[in-house]
Amino acid sequence: YYLAYGLGTALTTAIDPATESHLRLEYRQETFEKSTSRPAVSDMDGARVRLSTDLRRQLNPTIALYGSIYGERKAAITADNADWEMGGAIGTTLSLAGPGSAANGPWSLDLSVGALQRNFDGPDPSISPEARRDTKGYVQGVLTVPMPRGWAAQAAVGYSRQFSTYSLYT
């Protein structure tokens, strides 16, 4: 149904002992296999290129703050499946002493909030004469519990809300 392959690179910079930044460039080629239930899905075939950067500052052994921004281009066969997207997030990571943390390391609680804007190249003529525009916001919390041998268990909860010029996607 869906095949993707690609490559990417990242540059990491230690600004000072407590601050680190990353710059990433990713390329992905996506191919969608059409079916009788989704005969037009192959119209989404194309490339995706994403440029992102982030900054993380460790305030003390317990609290870190971070922020990230990105821009992405999705090319597709049809304009209603191609878009430009940009977004960002800010958050904090708290290191916690949980049961078993002496043996496996501290637990971490990550809290973040983010937003994105997606502008499509052209309209979906079956829905509207106007091109679609989506705006999305989210909040998220992730608890990471380290396990023996380098494994970790995660529990995540989040809420997101999307507003679109196409009511079908709101």
Side-chain angles (χ1 to χ4, degrees), residues 1-13 15 19-57 64-94 108-144 152-170:
Y1 177 71
Y2 171 69
L3 171 68
Y5 56 90
L7 58 98
T9 188
L11 174 65
T12 300
T13 303
I15 297 168
T19 309
E20 188 173 88
S21 180
H22 303 93
L23 179 65
R24 293 179 184 87
L25 178 62
E26 302 168 35
Y27 168 84
R28 185 169 62 225
Q29 183 66 38
E30 300 174 325
T31 303
F32 295 83
E33 188 66 32
K34 58 184 163 186
S35 66
T36 54
S37 61
R38 299 196 64 184
V41 75
S42 61
D43 290 347
M44 297 188 319
D45 287 1
R48 191 180 296 261
V49 177
R50 177 181 282 226
L51 179 65
S52 63
T53 188
D54 64 68
L55 181 72
R56 180 178 184 87
R57 173 91 175 155
L65 301 175
Y66 63 86
S68 64
I69 57 172
Y70 74 92
E72 180 177 284
R73 172 64 181 153
K74 165 69 168 108
I77 292 172
T78 58
D80 60 314
N81 287 306
D83 64 71
W84 290 92
E85 181 177 316
M86 60 185 243
I90 57 171
T92 186
T93 303
L94 308 171
S108 67
L109 178 62
D110 189 87
L111 305 168
S112 62
V113 59
L116 68 86
Q117 176 80 40
R118 187 180 305 117
N119 298 316
F120 288 81
D121 290 3
D124 180 339
S126 67
I127 297 176
S128 170
E130 302 292 323
R132 183 172 140 202
R133 175 179 289 159
D134 298 338
T135 302
K136 182 178 182 178
Y138 71 87
V139 294
Q140 177 175 281
V142 178
L143 176 65
T144 303
Q154 286 190 325
V157 63
Y159 174 79
S160 67
R161 178 73 176 159
Q162 178 169 295
F163 298 94
S164 177
T165 53
Y166 290 10
S167 62
L168 177 66
Y169 296 100
T170 295

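Remark: the Asp45 side chain and the Ser42 side chain contain no N/O donor-acceptor pair separated by less than 3.5 Å. Between the side chains of Thr165 and Arg132, no donor-acceptor pair of N or O atoms lies under 3.5 Å.
Put simply, the side chain of Asp110 reaches to within 4.5 Å of the side chain of Tyr66, judged on heavy atoms. Asp43 has its side chain out of reach of Phe32: every pair of non-hydrogen atoms, C-beta onward, lies at least 4.5 Å apart. Two residues are said to be in side-chain contact when any heavy atoms from C-beta on lie closer than 4.5 Å; Ile127 and Asp80 fail this criterion. With a 4.5 Å cut-off on side-chain heavy atoms, Leu55 and Leu65 do not count as touching. Contact annotation: the side chain of Arg24 never approaches that of Arg50 to less than 4.5 Å [non-hydrogen atoms, C-beta and beyond]. By the 4.5 Å heavy-atom criterion applied to side chains, Leu51 and Leu23 are counted as neighbours. You'll find the side chain of Tyr159 reaches within 4.5 Å of the side chain of Arg161, heavy atoms only.
Atom CD of Glu33 is surrounded by 12 or fewer heavy atoms from other residues, nucleotides or ligands within 6.0 Å. More than 12 heavy atoms of other shown residues, nucleotides or ligands fall within 6.0 angstrom of atom CZ in Arg48.
Arg28 has a carboxylate O that lies under 4.0 Å from a charged side-chain N of Glu30, or vice versa, which qualifies the two as a salt bridge. Comment: Asp121 engages Arg73 in a salt bridge, judged by a side-chain N to carboxylate O separation of less than 4.0 angstrom.
Residues forming a side chain to side chain donor-acceptor pair (under 3.5 Å) with Ser126 (at least two apart in sequence, or on another chain): Asp124. Residues satisfying the side chain to side chain donor-acceptor pair (under 3.5 Å) criterion with Thr36, sequence neighbours excluded, are absent altogether. For Tyr138, the side chain to side chain donor-acceptor pair (under 3.5 Å) criterion is met by no residue, not counting sequence neighbours.
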task = Determine, step by step, whether Asp134 and Lys136 satisfy the side-chain contact (heavy atoms from CB on, under 4.5 Å) criterion, reporting the C-alpha distance in whole Å, the side-chain angles of both residues, the deciding distance to 0.1 Å, and the verdict.
result = CA-CA 6 Å; Asp134 298 338; Lys136 182 178 182 178; 6.0 Å; no
**Request:** Please lay out, stage by stage, how Glu20 and Thr12 fare under the test side-chain contact (heavy atoms from CB on, under 4.5 Å).
**Result:** CA-CA 7 Å; Glu20 188 173 88; Thr12 300; 3.7 Å; yes
- Message: Could you walk me through whether Val41 and Tyr2 satisfy the side-chain contact (heavy atoms from CB on, under 4.5 Å) test, starting with their C-alpha distance in whole Å, then the side-chain angles of each, then the deciding distance to 0.1 Å, before giving a yes or no?
- Response: CA-CA 10 Å; Val41 75; Tyr2 171 69; over 6 Å; no
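Within the 3.5 Å criterion, the main-chain N or O of His22 finds a donor-acceptor partner in the side chain of Thr53. At least one donor-acceptor pair closer than 3.5 Å links the side chain of Thr92 to the backbone N or O of Ala64. Between the side chain of Lys74 and the backbone N or O of Met44, at least one donor-acceptor pair lies under 3.5 Å. With hydrogens and angles ignored, the 3.5 Å screen pairs no side-chain donor or acceptor of Gln29 with any backbone N or O of Ala4.
We find the CZ-CZ distance between Arg133 and Phe163 to be 15.0 Å, quoted to the nearest 0.5 Å. Atom CG of Asp83 sits about 4.5 Å away from atom CZ of Phe120, to the nearest 0.5 Å. From Ser21, atom OG reaches atom CG of Asp54 across 6.0 Å, with rounding to the nearest 0.5 Å. Put simply, CD on Glu85 and CZ on Arg118 are 4.5 Å apart, with the number rounded to the nearest 0.5 Å. Rounded to the nearest 0.5 Å, atoms OG1 (Thr135) and CG (Asn119) are 7.5 Å apart.
Closest non-hydrogen pair, Gly122 versus Ala131, comes out as C-CB, 3.7 Å. Here the closest heavy-atom approach between residue Ala152 and residue Thr144 is recorded as CB-CG2, 3.9 Å. Taking each heavy atom of Pro123 and Ser128 in turn, the nearest pair found is CB-O, 3.3 Å.
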